[in-house]
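Just so we're on the same page: letters track the sequence lines, and every chain starts at 1. Note that these values count all heavy atoms, side chains included, but never hydrogens, waters or copies made by symmetry. Predicted, not measured: the structure shown is a model, and the values here were computed from it.
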Amino acid sequence: MGMLKTQKIRFGLCCLFLEEDIKFKTTTFKYFSKLDAQEKLEKLDMLILHNINSLLKAIEFCGENHIYSFRITSTLLPLYTHPECKYSIEDLPSSARIFSLFEKCRKKAQKNNVRLGFHPDQFVVLNSPREDVVEKSIKDLLYHAFLAELLGADVINIHGGGMYGDKLEALKRLRKTISKLPSKITSRLTLENDDKCYTPSDLLPVCEEFSIPLVYDVHHHRCLKDNLTEEEASEKAYETWNREPLFHISSPKEGWEDSKRSRHHDYIDLEDFPSFWKAMLPLTVEVEAKAKERAVIQLCNEIYP
DNA sequence: AGCGGTCAAGTTGAT
DNA sequence: ATCAACTTGACCGCT
């Protein structure tokens with residue numbers, strides 16, 4: 001006689017904490033360059049040990065607070081992709097301990113049912129006309145794939161890129177670059193509609209062609225509309241997933257009329273949450289809000305009182 | 001301890 | 001022309 005398990009949306013936290021004392025450290029290349037070889041390795045060792053211990057705490061906190069998805073900061077390994085700062089974890093004094101902590105994080109996330117993902121930053125642009133930019137972007141994605149493999153993360157989410165005055169040409173370049181990516185990347189890569197260039201309608205054909213899931217961001221869709229309603233876009237995005245779909249929610253800081261409406265508010269206004277998502281299960285919804293874990297917990301309590 | 005200037009990288013749109 | 005915004009202020013050096 002099993003109790004019927006009520007299925008709920010999996011709410012996700014992005015990268016940082018507001019009140020909880022869990023922090024991630026980084027450094028700057030300029031400061032780092034001033035150190036000698038020995039100091040460099042010690043500095044990286046210290047930062048990375050700190051960061052992976054923080055990640056472990058983050059996964060524990062999420063599991064204990066019904067936050068079943070966590071986006072990991074891209075600077076978990078500081079300066080790892082900097083062109084003039086090549087290092088491997090194997091070079092570090094604590095490399096064995098670091099690898100064992102990665103494994104610990106992966107197991108803890110699995111045990112606590114915390115889904116892990118990445119959102120590489122704005123410098124990853126697969127459709128730039130500049131070859132060097134595309135090349136660096138692919139290197140950055142390989143770095144994320146390396147981390148994702150170690151941690152058991154199934155999402156590396158990016159935007160379509162820029163338009164360069166010719167959206168169709170830019171989309172062609174996006175297709176061309178994606179077609180050349182290794183499966184290490186494409187097995188986790190997702191595309192997200194943004195607030196300035198690419199709508200769900202623009203990206204869905206690319207997603208379908210390459211079996212790349214679409215992360216539907218309803219806030220961005222409200223900033224940059226296409227021919228699809230929120231329901232239609234949600235359903236079409238949902239169908240691109242071969243695993244649990246992932247959507248984004250956020251509220252505008254200064255209201256929908258403001259020209260700066262794409263800025264994020266501290267919390268999610270329940271009015272902004274598409275209520276029909278509650279029937280689209282299973283589903284992960286990442287909460288993009290300045291109040292971080294407080295905002296996720298508040299939204300979860302409002303949706304499932 | 002507190003605070004201001006600075007930080008690798010791309011692209012867009014507001015001012 | 002400059003600059004904020006983007007998933008996110010954090011860090012260092014000076015007072």
Next item on the list: Would you kindly say whether A:His221 and A:Glu230 are connected by a side-chain donor-acceptor distance under 3.5 Å?
Entry: no

Note to self: Less than 4.0 angstrom between a side-chain N/O of A:Lys290 and OP1 or OP2 of C:dG9, yes or no?
What the structure shows: yes

Check: Reckon A:Cys15 touches a base, only the sugar-phosphate, or nothing at all at heavy-atom distances under 4.0 Å?
Finding: base

Notebook entry, point to check: Under 3.5 Å, is there a donor-acceptor pair linking the side chains of A:Asp140 and A:Ser137?
Noted result: no

Check: Is A:His159 touching bases, backbone alone, or none of the nucleic acid, heavy atoms closer than 4.0 Å?
Finding: sugar-phosphate

Check: Expressed in whole Å, how much space separates the C1' atoms belonging to C:dT7 and C:dT2?
Finding: 24 Å

Next item on the list: Give A:Ser128 one of three labels, base, sugar-phosphate or nothing, depending on what nucleic acid heavy atoms sit under 4.0 Å from its own.
Entry: sugar-phosphate

Checklist line | Interatomic distance at P, B:dA8 relative to C:dG13, whole Å | finding: 13 Å

Note to self: Give me the distance, rounded to whole Å, that separates B:dT6 from C:dA4 when you measure between the P atoms they each carry.
What the structure shows: 14 Å

Notebook entry, point to check: Hey, does A:Lys167 reach any base, or is it just sugar-phosphate, or nothing, if we go heavy atoms under 4.0 Å?
Noted result: nothing

Margin query: Rounded to whole Å, please give me the gap between CG in A:Asn51 and C1' in C:dG9.
Written below: 14 Å

Next item on the list: Take atom P in C:dA5 and the same atom in C:dA10, then report the distance between them in whole Å.
Entry: 16 Å

Check: When you measure from the side chain of A:Arg130, which nucleotide among B:dG10, B:dT12, C:dA10 comes out closest?
Finding: B:dG10

Check: Nearest of B:dT12, C:dT8, B:dA8 to any side-chain atom of A:Asp121?
Finding: C:dT8

Check: If we take the C1' atom in both B:dG2 and C:dC6, what is their distance in whole Å?
Finding: 29 Å

Checklist line | Between B:dG10 (C1') and A:Glu131 (CD): distance, integer Å | finding: 17 Å

Item checked: Aro-ring/base stack A:Phe123-B:dA9, d under 5.5 Å, angle under 30° -> yes

Check: Just wondering, more than 12 heavy atoms not from A:Glu131 lying within 6.0 Å of its CD?
Finding: no

Next item on the list: Among C:dC6, B:dG13, B:dA8, find the nucleotide with the atom closest to the side chain of A:Lys196.
Entry: B:dG13

Next item on the list: Hey, which sits more toward the 5' end of DNA chain C by its nearest nucleotide, A:Thr73 or A:Tyr31?
Entry: A:Thr73

Check: Quick one: is C:dG13 close enough that its OP1 or OP2 comes under 4.0 Å of any side-chain N or O from A:Lys34?
Finding: yes

Next item on the list: Could you check how far CD1 of A:Ile249 sits from P of C:dT7, rounded to whole Å?
Entry: 14 Å

Note to self: Below the 4.0 Å mark, does C:dC12 have OP1 or OP2 next to a side-chain nitrogen or oxygen of A:Lys43?
What the structure shows: yes

Check: Given that both distances must come in under 3.5 Å, which nucleotide forms a Watson-Crick or G-U wobble pair with B:dA8?
Finding: none

Check: Do any side-chain nitrogens or oxygens of A:Lys30 fall under 4.0 Å of OP1 or OP2 in B:dC7?
Finding: yes

Note to self: Can you identify which nucleotide, out of C:dC11, C:dT8, B:dT12, has its nearest atom closest to the A:Thr26 side chain?
What the structure shows: C:dC11

Note to self: What I want to check is whether the side chains of A:Asp272 and A:Ser251 have a donor and an acceptor closer together than 3.5 Å.
What the structure shows: yes

Item checked: Between P of C:dG9 and CD1 of A:Ile22, the distance in whole Å -> 16 Å

Margin query: Applying a 4.0 Å non-hydrogen cut-off, can you work out what A:Tyr164 is touching in the nucleic acid: base, sugar-phosphate, or nothing?
Written below: sugar-phosphate

Notebook entry, point to check: Do the rings of A:Phe247 and A:Tyr238 sit parallel, tilted or perpendicular, given the 30° and 60° boundaries?
Noted result: perpendicular

Next item on the list: Scan A:Lys25 against the nucleic acid and name what it touches under 4.0 Å (heavy atoms): base, sugar-phosphate only, or nothing.
Entry: sugar-phosphate

Check: Watson-Crick or G-U wobble partner for C:dT8, using a 3.5 Å limit on both distances?
Finding: none

Next item on the list: Provide, to the nearest angstrom, the distance between the CG atom belonging to A:Leu79 and the P atom belonging to C:dC12.
Entry: 11 Å

Next item on the list: Identify whether any heavy atom of A:Lys139 sits under 4.0 Å from a base atom; if not, whether one sits that close to sugar-phosphate; answer base, sugar-phosphate or nothing.
Entry: nothing

Item checked: Side-chain H-bond candidate by donor/acceptor type, A:Asp226 with A:Tyr198, under 3.5 Å -> no

Check: Do A:Lys236 and A:Glu232 pass the salt bridge (Lys or Arg N to Asp or Glu O under 4.0 Å) test, and can you show the C-alpha distance, the side-chain angles, and the key distance before you say yes or no?
Finding: CA-CA 6 Å; A:Lys236 285 175 185 289; A:Glu232 288 165 343; over 6 Å; no

Next item on the list: Sticking with atom C1', work out how far C:dT8 lies from B:dC7, rounded to a whole angstrom.
Entry: 14 Å

Check: Separation of A:Asp195 atom CG from B:dA14 atom P, in whole Å?
Finding: 11 Å

Note to self: Without decimals, in angstroms, what is the distance between A:His248 NE2 and C:dT8 C1'?
What the structure shows: 14 Å

Next item on the list: Indicate, with a heavy-atom threshold strictly under 4.0 Å, whether A:Glu288 touches base, sugar-phosphate, or nothing.
Entry: sugar-phosphate

Next item on the list: Answer yes or no: does a side-chain N or O of A:His220 lie under 4.0 Å from OP1 or OP2 of C:dT7?
Entry: yes

Check: Will you find, in the side chains of A:Asn113 and A:Arg10, an N or O donor that is under 3.5 Å from an N or O acceptor?
Finding: yes

Item checked: Length of the NE2-P vector between A:His144 and C:dT7, whole Å -> 13 Å

